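Taking it in order: structure first as structure tokens, then the write-up.
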2 protein chains.
Amino acid sequence: MAKQNNVYKDAYNRCLALLGAGESLPSEPELGTTLGVSRTTVRSILSRMEERGLIEWNKRSKLVLRAPAPDDFFPDDETDSLSQIIERSFMRRLLAGGAQAGMQINELELAREIGVGTTSVREFLIRFSRFGLIEKRRNSHWVLKGFTKSFALELTEIREMFELRSAAAFAALAKDNPVWTDLDAMEQEHHELIAAIGTRYGEFSELDERFHRLIHSASHNRFIVDFYDVIAMIFHYHYQWNKTNEPGRNKIALQEHLQYIAALKSGKLDQVEKACRRHLKSARETLLQSIPESWQ
Amino acid sequence: MAKQNNVYKDAYNRCLALLGAGESLPSEPELGTTLGVSRTTVRSILSRMEERGLIEWNKRSKLVLRAPAPDDFFPDDETDSLSQIIERSFMRRLLAGGAQAGMQINELELAREIGVGTTSVREFLIRFSRFGLIEKRRNSHWVLKGFTKSFALELTEIREMFELRSAAAFAALAKDNPVWTDLDAMEQEHHELIAAIGTRYGEFSELDERFHRLIHSASHNRFIVDFYDVIAMIFHYHYQWNKTNEPGRNKIALQEHLQYIAALKSGKLDQVEKACRRHLKSARETLLQSIPESWQ
DNA sequence: AAAATGTCTTTTGACGATAAAAGACATTAT
DNA sequence: ATAATGTCTTTTATCGTCAAAAGACATTTT
């Protein structure tokens with residue numbers, strides 16, 4: 001097989017959600033924009049929907065015949081992109097413990113075990129290398145540097161530099177800048193999540209990422225903005241890894257965010273710095289706690 | 001063709017330089033270490049040297065028969081790695097002017113024009129993306145962000161943050177740390193280069209990179225150290241691009257380095273900061289001047 | 001016995017091929 | 001005349017393949 005049609009399958013599943021709403025579907029270009037795919041893929045989706053009796057399709061008219069049933073959806077594991085599959089598989093091995101610093105990474109072996117071609121694994125490793133966890137030996141294997149304490153410290157050092165600077169830039173933005181509206185909306189979301197933290201604590205991770213990305217965007221610096229990808233990646237897996245007292249930790253973080261937001265709104269730089277430092281310090285400590293002692 | 005044997009050719013050329021010196025060559029493993037290649041490649045090199053009558057090879061004895069002649073060397077363009085070829089070719093187009101921000105980058109077209117496979121071009125673009133000059137649209141083309149003024153400003157902003165921090169860490173290192181010896185040697189090199197700046201100004205670029213990398217290494221932070229790759233890459237092509245008053249500019253930079261070195265040795269943090277700031281400011285201005293107005 | 005050599009196996013680097021997905025252009029509908 | 005559709009071309013994502021290069025192991029030399 002040359003290429004999986006997961007883009008089509010994923011877009012098809014997302015398109016099923018649009019069926020309930022109206023009486024008929026919008027035009028092909030509009031659907032393409034909504035789903036983030038080309039018209040070619042939209043037309044494949046519409047073809048299948050017609051075949052499965054979900055819609056009646058005749059040129060511009062796309063009448064919805066019935067609501068989608070559970071078995072209309074493609075299975076979740078068929079909608080993942082290859083790079084997601086490889087990333088998950090790779091991170092599972094990395095965090096599963098057996099991964100010692102200095103270990104060699106074998107492209108061919110990885111590809112065989114995951115069941116994909118070597119090209120995809122190579123490309124993944126090249127993209128992954130910017131996270132600072134692996135390193136290439138010229139004309140030879142990759143070396144695992146390990147998810148160690150010093151990795152976490154180096155990562156958070158940069159994070160703190162970048163976020164302090166971004167926060168200061170944010171606080172200095174004119175009050176008519178649309179980011180303040182975004183911040184207000186997020187503040188509201190924080191209150192709602194704290195109120196229901198007992199059941200909704202799992203939603204913290206996503207809100208946390210959106211909040212910090214908003215602040216970093218104020219730096220107007222692509223290197224700072226891009227670096228948040230590294231942080232988000234590490235924290236994403238860290239959250240999956242360390243579940244001890246998750247609701248409690250998340251509630252504290254949310255409260256720190258609220259103080260941080262208040263400081264930003266006040267426009268007082270010393271308060272912004274203080275609130276930012278406090279929050280980043282506890283984020284760092286949480287990250288450090290999740291690294292097993294054995295990895296030093 | 002599956003793979004070029006440029007590793008072998010490059011190592012062969014470098015190995016020819018070792019022939020003049022002694023009466024016979026060292027062992028295969030030792031040669032491998034010296035040349036940075038495997039024993040397999042070393043043995044291919046020795047085979048060819050024997051065929052060409054350069055050495056007499058019998059097991060451990062590798063007697064040198066004659067000094068290498070100019071036509072013993074492989075042509076320079078056969079010793080470059082594919083990624084170097086692609087990088088040069090890509091940067092030439094980028095700096096040749098026709099490259100407007102927002103332009104699409106076509107993998108297939110690039111591959112055809114350079115005369116290489118698409119896989120190599122894809123891998124190059126993925127690696128290159130960390131320089132912040134291009135961006136990928138999912139399932140689609142790459143977009144050129146352009147070598148613009150704002151790119152230069154974002155790059156130098158990070159550079160200044162990282163280098164100020166590294167310089168402070170450097171100045172605080174214990175006096176018995178081996179980096180001080182390296183710094184002394186480099187100071188000497190600076191004096192020598194300034195004395196002969198009229199003819200040797202072309203050597204500045206390499207010394208500049210070594211000097212700044214030494215300082216960054218004191219940060220003990222992989223993200224700071226790795227970021228110097230981005231700076232080095234941009235300045236490498238910038239130096240090739242902007243040749244106006246090169247000896248003069250380089251002399252000034254060398255003198256700034258000397259003040260910077262003196263400040264580091266003094267251990268006085270305020271002086272280090274001042275010298276570092278002054279040098280980075282003039283480096284930034286030189287970079288900005290080389291960006292054509294038309295690129296805004 | 002420690003290191004070097006001879007021989008063989010495995011992995012990396014790079015290519016062409018192919019289905020999926022994007023995109024271009026002419027035609028048709030409102 | 002603007003936008004949507006039908007049709008066709010081009011590009012991207014991924015694979016299998018193969019030579020170059022690395023690496024492993026047995027054998028030989030000092």
Side-chain angles (χ1 to χ4, degrees), chain A residues 1-11 25-32 35-46 57-62 81-83 85-86 104-112 115-126 136-142, chain B residues 1-11 25-32 35-46 57-62 81-83 85-86 104-112 115-126 136-142:
Chain A
M1 55 205 119
K3 197 179 182 178
Q4 294 292 316
N5 55 353
N6 67 296
V7 171
Y8 154 71
K9 286 178 176 173
D10 180 57
L25 289 172
S27 74
E28 295 173 13
E30 202 180 321
L31 273 172
L35 298 169
V37 294
S38 73
R39 251 187 75 219
T40 307
T41 305
V42 167
R43 288 172 69 85
S44 310
I45 291 169
L46 292 174
W57 182 24
N58 191 280
K59 304 196 172 175
R60 317 191 161 207
S61 112
K62 307 172 195 80
S81 76
L82 244 197
S83 54
I85 293 170
I86 297 174
Q104 289 187 16
I105 296 166
N106 187 320
E107 289 175 5
L108 200 60
E109 193 185 312
L110 253 181
R112 269 194 303 248
V116 297
T118 47
T119 314
S120 312
V121 169
R122 277 173 72 82
E123 287 180 5
F124 165 76
L125 291 171
I126 295 170
K136 175 90 178 141
R137 296 265 178 276
R138 204 178 91 103
N139 276 312
S140 183
H141 53 265
W142 292 83
Chain B
M1 56 204 119
K3 197 178 181 179
Q4 294 293 315
N5 56 352
N6 67 297
V7 172
Y8 154 70
K9 287 179 177 173
D10 180 56
L25 289 172
S27 75
E28 295 173 12
E30 200 180 321
L31 271 172
L35 298 168
V37 294
S38 71
R39 250 188 76 219
T40 308
T41 306
V42 168
R43 287 173 68 87
S44 309
I45 292 169
L46 293 173
W57 183 25
N58 192 279
K59 304 196 173 176
R60 343 209 129 191
S61 112
K62 307 172 195 80
S81 77
L82 243 198
S83 53
I85 293 170
I86 297 174
Q104 290 185 16
I105 297 165
N106 187 319
E107 290 176 3
L108 200 60
E109 193 185 311
L110 253 182
R112 270 195 302 248
V116 297
T118 48
T119 314
S120 314
V121 170
R122 278 175 71 80
E123 287 178 6
F124 165 75
L125 290 172
I126 295 170
K136 174 90 177 141
R137 296 266 177 277
R138 201 180 94 102
N139 277 311
S140 184
H141 51 264
W142 292 82

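In what follows, every heavy atom counts, from backbone to side chain, and hydrogens, waters and symmetry copies are set aside. So that the names make sense, note that chain A is the first sequence line, chain B the second, and so on, each numbered from 1. Worth saying up front: this structure is predicted, and the values here are computed from it rather than measured.
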Do B:L31 and B:L46 have side chains that get closer than 4.5 Å, going by heavy atoms?
yes
Interatomic distance where CD belongs to A:E107 and P belongs to C:dA14 [whole Å]:
11 Å
Ignoring backbone atoms, test whether B:T41 places a side-chain nitrogen or oxygen under 4.0 Å from the OP1 or OP2 oxygen of D:dA22.
yes
OP1, OP2 of C:dT5 versus side-chain N and O of B:K62: anything below 4.0 Å?
yes
Separation of B:N58 atom CG from D:dT29 atom P, in whole Å?
10 Å
From CZ of A:R138 over to P of C:dG13, roughly how many Å is that when rounded to an integer?
10 Å
Base, sugar-phosphate or nothing for A:Q4? Non-hydrogen atoms, less than 4.0 Å.
sugar-phosphate
Answer yes or no: side-chain N or O of B:T40 and base N or O of D:dA22 forming a donor-acceptor pair under 3.5 Å.
yes
DNA chain C nearest-nucleotide lookup for B:R39 and A:N6: closer to the 5′ end is B:R39
Out of D:dT14, C:dA4, D:dA22, whichever nucleotide has its closest atom nearest the side chain of B:S27:
C:dA4
Give a yes/no answer on whether the side chain of A:K59 brings an N or O atom under 4.0 Å of OP1 or OP2 in C:dT27.
no
Could you give the CZ-to-P distance, from A:R60 to D:dG6, as a whole number of Å?
9 Å
note: A:L110, atom CG; C:dT10, atom P; distance rounded to Å ~ 18 Å
Rounded to whole angstrom units, what separation is found between the CD atom of A:E28 and the C1' atom of C:dT28?
13 Å
Within the structure provided, determine whether B:F124 and A:I126 are in side-chain contact (heavy-atom separation under 4.5 Å).
no
Could you tell me whether the side chain of B:K136 reaches within less than 4.5 Å of the side chain of B:L125, counting heavy atoms only?
no
Between A:G36 and A:N139, who's closer to the 5' end of DNA chain C by nearest nucleotide?
A:N139
On DNA chain D, nearest-nucleotide positions of B:V42 versus A:S81: which is more 5'?
A:S81
Is there a side-chain contact between B:I45 and B:L35, using heavy atoms and a 4.5 Å cut-off?
yes
Please confirm whether the shortest side-chain N or O distance from A:N106 to OP1 or OP2 of C:dT12 is below 4.0 Å.
yes
Check: B:K62 and B:E28 side chains under 4.5 Å, non-hydrogen atoms
yes
Is any side-chain N or O of A:K3 under 3.5 Å from a base N or O of D:dT12, one able to act as donor and the other as acceptor?
yes
Quiz item: A:T118 side-chain donor-acceptor pair to C:dG13 base, under 3.5 Å
no
At under 4.0 Å between heavy atoms, what does A:R112 touch on the DNA or RNA strands: base, sugar-phosphate, or nothing?
sugar-phosphate
Rounded at 0.5 Å granularity, tell me how far CD in A:E123 sits from OG1 in A:T118.
10.0 Å
Check every strand shown and say whether B:T119 touches a base, only sugar-phosphate, or nothing at a heavy-atom separation below 4.0 Å.
base
Check every strand shown and say whether A:K136 touches a base, only sugar-phosphate, or nothing at a heavy-atom separation below 4.0 Å.
sugar-phosphate
When you get a sec, tell me which of C:dA21, D:dT14, D:dG23 is the closest nucleotide to the side chain of A:E123?
D:dT14
Starting at the 5' end of DNA chain D and moving along, which residue's nearest nucleotide shows up first, A:S61 or B:W142?
A:S61
Measuring to OP1 and OP2 of C:dT5, would you say a side-chain N or O of B:R43 lies under 4.0 angstrom away?
no
Is B:S120 side chain donor-acceptor paired with the C:dG13 base, going by distance under 3.5 Å alone?
no
Of all the choices, D:dC15, C:dA22, C:dT12, which nucleotide is nearest to the side chain of A:R122 once you look at every atom?
C:dT12
Report yes if the side chains of A:S27 and A:R60 come closer than 4.5 Å at any heavy-atom pair, otherwise no.
no
Over how many whole Å does the gap from B:H141 atom NE2 to C:dA22 atom C1' extend?
10 Å
Rounded to whole Å, the CD-P distance (A:E109 to C:dT12) equals 9 Å
